[in-house]
Amino acid sequence: MRFFFMCCRMWDEMFQTKGQMLQEIMVDMGGRIAEELVFDDVTTGASQDIKQATAVAKAMVTKYGMSEAIGPINYDNDDDEVFIGRDLAHTKGYSDEVAKQIDAEIRRIVEECYQKAKEIIVAHKDILYRSAELLLEKEKIGRAEFESLFSDSEKQPVVTE
């Protein structure tokens with residue numbers, strides 16, 4: 001039985017499900033959404049998160065076959081050529097039409113995750129402000145402290161500005 005649980009743990013650590021990857025994209029978009037809600041503007045602060053979200057969506061579509069629109073086909077180019085001018089010598093193994101479909105699917109995934117994340121953050125905007133206040137006090141909080149903000153949300157007044 002212990003072997004079974006060890007295998008399950010290894011599976012969880014080695015393989016990500018489509019659902020987990022979509023959640024990762026949603027988390028990545030959270031900072032940009034918070035900026036929009038709090039400042040009514042955006043900054044360059046979320047650029048790395050956006051880059052990471054896009055990379056995850058691209059891998060889902062081109063590498064892992066996790067797109068219904070594209071199907072279970074690998075369009076990832078693993079040719080890690082290391083020399084100057086590699087982009088000039090780089091050839092893709094698919095047509096411009098497929099490239100457009102891939103781009104559209106990556107955009108769709110990121111935008112859907114963005115919208116879902118925004119719905120969650122808007123629904124729990126009071127928690128956004130409470131967690132910011134707590135982080136200003138403590139600089140770092142753990143999972144239990146963060147989760148307690150949800151159970152305490154009915155007890156405390158909502159601070160919005």
Between Q16 and M21 (side chain of the first, backbone of the second, donor and acceptor by atom type, cut-off under 3.5 Å), is there such a pair? no
Can you tell me how far apart NZ (K140) and CD (E145) are? Round to the nearest 0.5 Å. 10.5 Å
Shortest non-hydrogen separation from I25 to V110 and the atoms involved: CG2-CA, 4.3 Å
Could you please spell out the steps behind the salt bridge (Lys or Arg N to Asp or Glu O under 4.0 Å) verdict for R130 and E133? CA-CA 5 Å; R130 285 200 186 94; E133 289 174 0; over 6 Å; no
If I take atom CG from residue L22 and atom OG1 from residue T17, how far apart are they, to the nearest 0.5 angstrom? 8.0 Å
Hydrophobic cluster identity match, V38 and V27, side-chain contacts under 4.5 Å: no
Should L149 and L135 be counted in the same cluster of Ile, Leu, Val, Met, Phe, Trp and Tyr side chains packed under 4.5 Å apart? yes
Indicate the atoms forming the closest heavy-atom contact of Q20 with F15, along with that distance. OE1-O, 3.8 Å
Check whether more than 12 heavy atoms from other residues, nucleotides or ligands sit under 6.0 Å from atom CZ of R107, and answer yes or no. no
Pairwise distance CG(D126) to CZ(F150) - rounded to 0.5 angstrom: 8.5 Å
Nearest-0.5 Å distance, CG of residue N74 to OH of residue Y94: 10.0 Å
Heavy-atom closest pair, residues A46 and E35: N-OE2, 4.1 Å
Looking at K51, I'd like to know if its NZ atom is crowded, meaning that more than 12 non-hydrogen atoms belonging to other residues, nucleotides or ligands lie closer than 6.0 Å. no
Shared hydrophobic cluster, Y129 / V122 (ILVMFWY, side-chain heavy atoms < 4.5 Å): yes
On a heavy-atom basis, which atom in I102 and which in V61 lie closest, and how many Å separate them? CG2-CG1, 4.1 Å
Is there a continuous path of hydrophobic side-chain contacts, each under 4.5 Å between heavy atoms, that joins M26 to M66? no
Closest non-hydrogen atoms of A117 and I33, given as atom of the first, atom of the second and distance, are CB-CD1, 3.6 Å
Mind listing the closest non-hydrogen atom pair of L37 and K125 along with its distance? O-NZ, 4.1 Å
CG on L134 to CZ on F146, rounded to 0.5 Å: 10.0 Å
Go through it in stages, so that I can follow the logic: the residues are E105 and R108, the test is salt bridge (Lys or Arg N to Asp or Glu O under 4.0 Å), and I'd like the CA-CA distance, side-chain angles, deciding distance and then a yes or no. CA-CA 5 Å; E105 188 65 359; R108 183 195 65 78; 2.7 Å; yes
Quick one: name the residues clustered hydrophobically with L136, using the 4.5 Å side-chain heavy-atom rule over I, L, V, M, F, W, Y, and just say none if it's on its own. none
CE-OG1 distance between M29 and T54, expressed to the nearest 0.5 angstrom: 7.0 Å
Flag, side chain of R32 to backbone of T43, donor-acceptor distance under 3.5 Å: yes
